[in-house]
Amino acid sequence: MRLLHWTEHGFALEDVADPSDYRYAILSHRWHDDGEILYADILVYPQGPITGWTVSHDKNDAAPCVPKARAWQKLRYAMQQTRKDGLEYLWVDTCCIDKTSSAELSESINSMYTWYQQAVGCYAYLSDVPGDCPVLSDASQYHWKHAFSNSVWFGRGWTLQELIAPRIVHFFGADWNYLGVMTGLVQTIAECTAIHSKLLSGEYALEAFNMAQRISWMA
């Protein structure tokens with residue numbers, strides 16, 4: 001396993017033998033169509049985009065556009081949140097796994113549930129929930145809860161394990177605006193995913209549910 005952290009030289013990746021020895025956060029997100037920050041990107045550009053580049057996509061802008069600009073911004077948001085929460089390390093699937101190695105990729109997929117379990121917390125980035133969305137709870141207005149529960153993040157294949165494995169899940173919107181914590185959105189999430197509310201709330205452990213129930217959540 002590798003963990004991402006911030007040094008005076010920028011982003012750095014650290015090889016980790018036993019994740020339980022580290023306090024780290026983990027990012028859950030959808031991949032952008034225009035690309036994500038990969039393992040190789042961190043090695044080549046530890047400081048992120050080159051000085052003088054712009055995030056603008058205006059054709060009249062003389063400076064070259066930053067490749068994967070949204071992905072770089074997302075990574076910075078997540079690292080800033082990690083440090084704000086008093087942690088030094090962050091795990092992000094796109095850049096902490098060298099996907100050019102089939103053996104490493106296979107091992108990572110098999111270990112991922114455990115890595116989510118051992119994380120101090122999970123940051124779920126819902127890039128399609130507007131930046132002006134307020135902090136939410138099950139008692140919030142329907143308009144905003146609808147925007148939240150209709151996020152395409154909930155339709156991802158990995159969402160199930162990323163909801164039930166972590167100790168706590170914090171949700172963030174398009175501008176990294178805080179949307180709320182899962183324990184305050186149990187009923188809303190249960191309704192849009194069909195996952196049992198007592199599992200989401202932590203009242204029941206996963207072992208309390210039979211295999212047929214678990215499979216139904218994947219439908």
Run the side chain to side chain donor-acceptor pair (under 3.5 Å) check on Trp6 and Thr82 step by step: do they pass?
-> CA-CA 10 Å; Trp6 184 258; Thr82 299; over 6 Å; no

Start with the C-alpha gap between Asp93 and His29, add the side-chain angles, then the distance that decides, and say whether side chain to side chain donor-acceptor pair (under 3.5 Å) holds.
-> CA-CA 9 Å; Asp93 60 342; His29 63 119; 2.8 Å; yes

Could you check Thr193 against Phe154 for side chain to side chain contact (heavy atoms under 4.5 Å, CB included), going step by step and ending with a plain yes or no?
-> CA-CA 7 Å; Thr193 63; Phe154 286 105; 3.7 Å; yes

Steps toward side chain to side chain contact (heavy atoms under 4.5 Å, CB included) verdict (Tyr24, Val120) | CA-CA 6 Å; Tyr24 62 93; Val120 172; over 6 Å; no

Run the numbers on Tyr178 and His170 for side chain to side chain donor-acceptor pair (under 3.5 Å), then give the verdict.
-> CA-CA 8 Å; Tyr178 188 59; His170 295 282; 2.8 Å; yes

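The CD atom of Gln118 sits 9.0 Å away from the CG atom of Asp21 when rounded to the nearest 0.5 Å. A distance of 9.0 Å separates CE of Met1 from OG of Ser111, quoted to the nearest 0.5 Å. Between atom CD1 of residue Ile26 and atom CG of residue Leu4 there is a gap of 12.0 Å, rounded to the nearest 0.5 Å. Rounding to the nearest 0.5 Å places SG of Cys122 at 10.5 Å from CD1 of Ile168. Expressed to the nearest 0.5 Å, how far CG of Leu27 lies from CG of Leu75 amounts to 8.0 Å. Between the CG atom in Leu160 and the CD1 atom in Ile215 there is a gap of 11.0 Å [rounded to 0.5 Å].
The minimum heavy-atom distance linking Ala194 with Trp217 is given by the pair O-CD1, 3.1 Å. Residue Thr94 comes nearest to Glu36 through the heavy atom pair CG2-CB, 3.7 Å, listed as atom of the first residue, atom of the second, then distance. Counting all heavy atoms, side chain and backbone alike, Val129 lies closest to Ser151 at CG2-CB, 4.1 Å. Heavy-atom minimum distance, Gly131 versus Asp175: CA-OD2, 3.4 Å.
Each of Glu107, Arg2, Met112 was scored for a side-chain contact (heavy atoms from CB on, under 4.5 Å) with Ile97, with one residue passing: Met112.
Residues Tyr142 and Val186 do not share a hydrophobic cluster, clusters being chains of Ile/Leu/Val/Met/Phe/Trp/Tyr side chains in contact below 4.5 Å. If you chain together hydrophobic residues whose side chains sit under 4.5 Å apart, Ile109 and Tyr113 never meet in one group. Put simply, Tyr39 and Ile42 are part of the same group of oily side chains (I, L, V, M, F, W, Y) that touch within less than 4.5 Å, one to the next. Taken together through direct or relayed side-chain contacts under 4.5 Å among Ile, Leu, Val, Met, Phe, Trp and Tyr, Trp158 and Leu163 form parts of separate hydrophobic clusters. Cluster membership check: Leu38 does not share its hydrophobic cluster with Phe11, using side-chain heavy-atom separations under 4.5 Å among Ile, Leu, Val, Met, Phe, Trp and Tyr.
No hydrogens or angles considered: nothing links the side chains of Ser108 and Trp115 as a donor-acceptor pair under 3.5 Å. In summary, the side chains of Tyr116 and Gln161 do not present any donor paired with an acceptor at a separation below 3.5 Å, with no hydrogens or angles considered.
Distance alone, capped at 3.5 Å, places no donor-acceptor pair between the Asp85 side chain and the Leu87 backbone. Ser127 contributes no side-chain N or O that, together with a main-chain N or O of Ala174, makes up a donor-acceptor pair within less than 3.5 Å. Checked by atom type and distance alone, the side chain of Asn110 pairs as donor or acceptor with a backbone atom of Ser106 at under 3.5 Å. Between the side chain of Lys198 and the main chain of Tyr204, no donor-acceptor pair closer than 3.5 Å is present. Between the side chain of Glu191 and the main chain of Thr188, no donor-acceptor pair closer than 3.5 Å is present. In this structure, the side chain of Asn177 engages the main chain of Pro130 through a donor-acceptor pair within 3.5 Å. With hydrogens and angles ignored, the 3.5 Å screen pairs no side-chain donor or acceptor of Glu203 with any backbone N or O of Leu199. A donor-acceptor pair is defined here as one N or O able to donate and one able to accept, closer than 3.5 Å; such a pair exists between the side chain of Thr159 and the backbone of Trp153. Panel note: side chain Ser149, backbone Lys145; a donor-acceptor pair is recorded below 3.5 Å. No donor-acceptor distance shorter than 3.5 angstrom exists from the side chain of Tyr123 to the backbone of Met79, with no hydrogens or angles considered.
Contact of the Cys133 side chain with the Leu179 side chain is registered, since non-hydrogen atoms from C-beta on lie closer than 4.5 Å. Side-chain contact between Gln187 and Ser197 is present, with at least one heavy-atom pair separated by less than 4.5 Å. Two residues are said to be in side-chain contact when any heavy atoms from C-beta on lie closer than 4.5 Å; Leu90 and Leu3 fail this criterion.
Taking the six-membered ring wherever Trp is involved, the centroid distance between the rings of Tyr89 and Tyr22 falls below 6.0 Å. Taking the ring centroids of Phe171 and Phe148, they lie under the 6.0 Å cut-off.
Taking the six-membered ring for Trp and thresholds of 30 and 60 degrees, Trp176 and Phe172 have nearly parallel ring planes, at less than 30 degrees apart.
Of the charged side-chain nitrogens involved, at least one lies within less than 4.0 Å of a carboxylate oxygen, so that Glu162 and Arg156 count as a salt-bridged pair. Taking a cutoff of 4.0 Å between a charged side-chain nitrogen and a carboxylate oxygen, Asp34 and Arg70 qualify as a salt bridge. Salt bridge Lys99/Glu104: absent, no basic N to carboxylate O contact under 4.0 Å.
The neighbour count for Asp15 CG, taken as heavy atoms of other residues, nucleotides or ligands under 6.0 Å away, is above 12.
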